[in-house]
Amino acid sequence: MAMASIARRKATTFLSSSSSSKHLCKYSWIASRGFASGSDENDVVVIGGGPGGYVAAIKAAQLGLKTTCIEKRGTLGGTCLNVGCIPSKALLHSSHMYHEAKHSFASHGVKLASVEVDLPAMMAQKDKAVGNLTKGIEGLLKKNKVSYVKGYGKFLSPSEVSVDTIEGGNTIVKGKNIIIATGSDVKSLPGITIDEERIVSSTGALALKEIPKKLVVIGAGYIGLEMGSVWGRLGSEVVVVEFASEIVPSMDGEIRKQFQRSLEKQKMKFMLKTKVVSVDTAGNGVKLTLEPAAGGDQTTLEADVVLVSAGRTPFTSGLQLDKIGVETDKAGRILVNERFSTNVKGVYAIGDVIPGPMLAHKAEEDGVACVEYIAGKEGHVDYDLVPGVVYTHPEVASVGKTEEQVKTLGVEYRVGKFPFMANSRAKAIDDAEGIVKILAEKETDKILGVHIMSPNAGELIHEAVLALHYGASSEDIARTCHAHPTMSEALKEAAMATYDKPIHI
Ligand SMILES: Cc1cc2nc3c(=O)[nH]c(=O)nc-3n(C[C@H](O)[C@H](O)[C@H](O)COP(=O)(O)OP(=O)(O)OC[C@H]3O[C@@H](n4cnc5c(N)ncnc54)[C@H](O)[C@@H]3O)c2cc1C
Ligand SMILES: NC(=O)c1ccc[n+]([C@@H]2O[C@H](COP(=O)([O-])OP(=O)(O)OC[C@H]3O[C@@H](n4cnc5c(N)ncnc54)[C@H](O)[C@@H]3O)[C@@H](O)[C@H]2O)c1
């Protein structure tokens, strides 16, 4: 361990762990306006009860601030719990179970006379998970004494929000500090109208009443690949049309290629560098007209259902931001400084509605840091170390830099890899597709990025996230005792391969 520690001390600081400069830093004042004491006025009002908003509200209350959370949906948890992370993971799990039962059980000596999908039951299990979790959040707000107002909030002034309540009334909620956590919404494409039946967003794709024979997915990002996997496993023919030359453009290139091959083995088809020109719903199905992204001859494609998953857009509609003068960028994202302050004193923004990755865990980190600043403490979010996970099978998880990014930085680096084909646990369970890839600075061995494709990669990645947070070297991971037989041993072996040699290959 001694060598590794020396390596860590030598590690250069070219990759500053704080990249909060990604936020605009021009609003440099601290906007906290003091705290309420026994009055009707709140210390903190949060508009939006998603992962950013409800976490901010709970943390604010835990810090002793009088807090109200306003949510228009009628249930808490935002996009993530209601129509995002949770229902999609429920369906990913259920569809994986069906797929395993159909294609893998027999080779494990488990014979079934027949396997069939009961779609209403699958949807009911998903809805039960969502219902339990959203109610759980309501319980957490109560437990932490956060007031909860169900309704649509709009600014009257920088310290007053008018709420049209779900019951039909109106109430004014006052706050010394107001946090906008209104999240994001589906982005549709020009000329394409989402009807949530034949042309669906992720919300419709989570609630289809029948398994489509043919599903065309527009956009090979997180949603397209996850929801494409769900319906592909349940029997749909899935074609993914992607404008860019590659799937999930933010992914490490080498991992991406293996990932695409894996999805193709699962019969997902890709049409890259292709744009959708128009969609015609006049007949029974849907007819798409396509064109090469660079221009050229048009082709057509038929589908029963089309999923539009070409990104999401910040949601600020009806908030009356113009009334108080909150600045947004061209994409409609609210601009904030490193303390999450907007240009309007006492008004903050967090989560999907500000620049940065649109991820639930990032929104939560924003929420905690924002209220810590409001409470006069220090908060911190390291945007370089937000992990990303695609929850397909195998999953792909990453943290830190991709090899392409390291090259662009001009840093000399080493790469260590270890395939799950050589991992005993993966072989024992006959689920050994995938690889761990570690990038480390050549001079110091400091880890720069970790990329994992494997079953449960989304769980395995957190050892790497912690390692990067503490500026660990690959030798630090390699010399850490890992339990046997575990998939995590592949990370240890890849770390060995980064600065020396792995044992098991
Ligand atoms: C299909 C899908 C799958 C996803 N899977 C994952 C995943 O696995 N992991 C992950 O990290 N991320 C995932 N995401 C992204 C994740 O859902 C978002 O990043 C996250 O929900 C953002 O949190 P937020 O609090 O900023 O906003 P949101 O969750 O969007 O919450 C904002 C809330 O504000 C409310 N609101 C808006 N305006 C007002 C108003 N004026 N008054 C009152 N209330 C208002 C909305 O009703 C909403 O409930 C997924 C997204 C989708 C669509
Ligand atoms: N597992 C997760 O963490 C998870 C799961 C689902 C969603 N999300 C979040 O939700 C957000 C939205 O997801 P998403 O998949 O819609 O967006 P995305 O940004 O992940 O992917 C959109 C894809 O659509 C492509 N695209 C854009 N315009 C197109 C066009 N006209 N024709 C064809 N392709 C086009 C883009 O090149 C990109 O590959 C993401 O930012 C993601 O962070 C996360």
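Both ligands and their constituent atoms are indexed starting at 1 by order of listing.
The protein heavy atom nearest to atom 8 (N) of ligand 2 is Y222 CB, 3.8 Å. In terms of protein heavy-atom proximity, atom 33 (C) of ligand 1 is closest to E71 OE1, 3.4 Å. Of all protein heavy atoms, the one lying nearest to atom 22 (C) of ligand 2 is S309 O, 3.6 Å. Nearest to atom 34 (N) of ligand 2 among the protein's heavy atoms is F243 N, 3.2 Å. Nearest protein neighbour of atom 10 (O) of ligand 2, counting heavy atoms only, is R312 CD, 3.9 Å. Scanning the protein for heavy atoms near atom 32 (N) of ligand 2, the closest one is I218 CG2, 3.7 Å. Protein heavy atom at the shortest distance from atom 39 (O) of ligand 2 is E242 OE1, 2.7 Å. Among all protein heavy atoms, the one lying closest to atom 34 (O) of ligand 1 is G48 CA, 3.2 Å. Atom 19 (O) of ligand 1 has its closest protein heavy atom at D352 OD1, 2.9 Å. Scanning all protein heavy atoms for the shortest distance to atom 43 (O) of ligand 2 gives M358 O, 2.8 Å. For atom 28 (N) of ligand 2, the nearest non-hydrogen atom of the protein is A310 CB, 3.6 Å.
Residue-level proximity to ligand 1 for Y222 is absent, since no heavy atom of it falls below 4.0 angstrom. With a 4.0 Å cut-off on non-hydrogen atoms, K187 does not touch ligand 2 at all. Of the heavy atoms in C80, both backbone and side-chain atoms come closer than 4.0 Å to ligand 1. Both the backbone and the side chain of A360 come within 4.0 Å of ligand 1, counting heavy atoms alone. The parts of P51 lying near ligand 1 are both backbone and side chain, judged by heavy-atom distances below 4.0 Å. Neither the backbone nor the side chain of K362 has a heavy atom within less than 4.0 Å of ligand 1. Contact annotation: for M227 versus ligand 1, there are no heavy atoms closer than 4.0 Å. Contacts with ligand 1 closer than 4.0 Å are made by side-chain heavy atoms of I223 only, the backbone lying farther away. At a 4.0 Å heavy-atom cut-off, ligand 2 does not touch S202 at all. Neither the backbone nor the side chain of I247 has a heavy atom within less than 4.0 Å of ligand 2. Contact annotation for I47 and ligand 1: only side-chain heavy atoms (C-beta onward) come within less than 4.0 Å of the ligand. Contacts of P87 with ligand 1, taken as heavy-atom pairs under 4.0 Å, are absent altogether. Under 4.0 Å from ligand 1, the heavy atoms of V83 that appear belong solely to its backbone.
Proximity annotation for atom 53 (C) of ligand 1: of R312, H361, K154, R312 comes nearest, heavy atoms only. Counting only non-hydrogen atoms, the option in C85, G53, G356 that gets closest to atom 14 (N) of ligand 1 is C85. The residue from T182, V353, L319 that puts a heavy atom closest to atom 37 (C) of ligand 1 is T182. Summarising the contacts of atom 41 (N) of ligand 1 with G153, S201, G49, S309, the nearest heavy atom is found in G153.
Distances between N or O atoms of K275 and those of ligand 2 include no value under 3.5 Å. When only interatomic distances are considered, the shortest N/O to N/O separation between G84 and ligand 1 does not fall below 3.5 Å. For the pair V389 and ligand 2, the shortest N or O to N or O distance falls below 3.5 Å. For a threshold of 3.5 Å applied to N or O pairs, the pair formed by S88 and ligand 1 contains no separation below that value. Residue contacts with ligand 1: K72 is placed with a nitrogen or oxygen under 3.5 Å of a nitrogen or oxygen of the ligand (distance criterion only). Ligand 1 has an N or O atom lying under 3.5 Å from an N or O atom of G52, backbone or side chain. Note: an N/O pair closer than 3.5 Å links I223 and ligand 2 by distance alone. Geometrically, ligand 1 and R73 share a nitrogen or oxygen pair separated by less than 3.5 Å. Annotation: M358 places an N or O atom under 3.5 Å from an N or O atom of ligand 1; distance criterion only.
With a 4.5 Å cut-off on side-chain heavy atoms, K145 and K66 do not count as touching. Contact of the R73 side chain with the I166 side chain is not registered, since no non-hydrogen atoms from C-beta on lie closer than 4.5 Å.
Using a 4.0 Å cut-off between charged nitrogen and carboxylate oxygen, K269 and E237 count as a salt-bridge pair. Classification of K89 and E226 as a salt-bridged pair holds, one side-chain N sitting under 4.0 Å from a carboxylate O. Ion pairing between a basic and an acidic side chain is recognised when a charged N comes within 4.0 Å of a carboxylate O; E254 and K437 show such pairing. Remark: R339 engages E378 in a salt bridge, criterion side-chain N to carboxylate O under 4.0 Å. In summary, D252 and R256 do not engage in a salt bridge, as defined by a charged side-chain N under 4.0 Å from a carboxylate O. A salt bridge links K154 to D164: at least one charged side-chain nitrogen sits closer than 4.0 Å to a carboxylate oxygen.
Here is the list of ligand 1 atoms found below 4.0 Å of a heavy atom in K89: 5 (N), 6 (C), 7 (C), 8 (O). Interface of G151 with ligand 1, defined as ligand atoms under 4.0 Å from a residue heavy atom, comprises 42 (N), 43 (C). Each of the atoms 31 (N) of ligand 2 lies under 4.0 Å from some heavy atom of L189. When each atom of ligand 1 is checked for a heavy atom of S202 under 4.0 Å away, the hits are 1 (C), 53 (C). Of all atoms in ligand 1, listed by their number and element, those nearer than 4.0 Å to a heavy atom of F315 are 37 (C), 38 (N). Taking a cut-off of under 4.0 Å to the non-hydrogen atoms of Y391, the atoms of ligand 1 that pass are 8 (O).
For the residue pair T408 and Q405, no side-chain donor N or O sits within less than 3.5 Å of a side-chain acceptor on the partner. For the residue pair T274/E291, the side-chain donor-acceptor check at 3.5 Å is not satisfied. Side-chain contact, D185 with T313: no donor N or O sits under 3.5 Å from an acceptor N or O. In this structure, a donor-acceptor pair under 3.5 Å is present between the side chains of E433 and S262. Between the side chains of S162 and N170, at least one donor N or O sits under 3.5 Å from an acceptor N or O.
Here the straight-line distance linking atom CZ of F155 with atom NZ of K323 works out to 12.0 Å at 0.5 Å rounding. For the atom pair CG (L140) and OH (Y54), the distance works out to 7.5 Å, reported to the nearest 0.5 Å. Note: K287 NZ to S278 OG = 9.0 Å, rounded to the nearest 0.5 Å. Atom CE of residue M271 and atom CD of residue E242 lie 12.0 Å apart, to the nearest 0.5 angstrom.
Not a single heavy atom of V276 sits closer than 4.0 Å to an atom of ligand 2. P357 does not count as a contact of ligand 2, since none of its heavy atoms falls under 4.0 Å from the ligand.
In this structure, K143 forms no cation-pi arrangement with Y148, as its terminal cationic atom is not both closer than 6.0 Å to the ring centre and no more than 45° off the ring axis.
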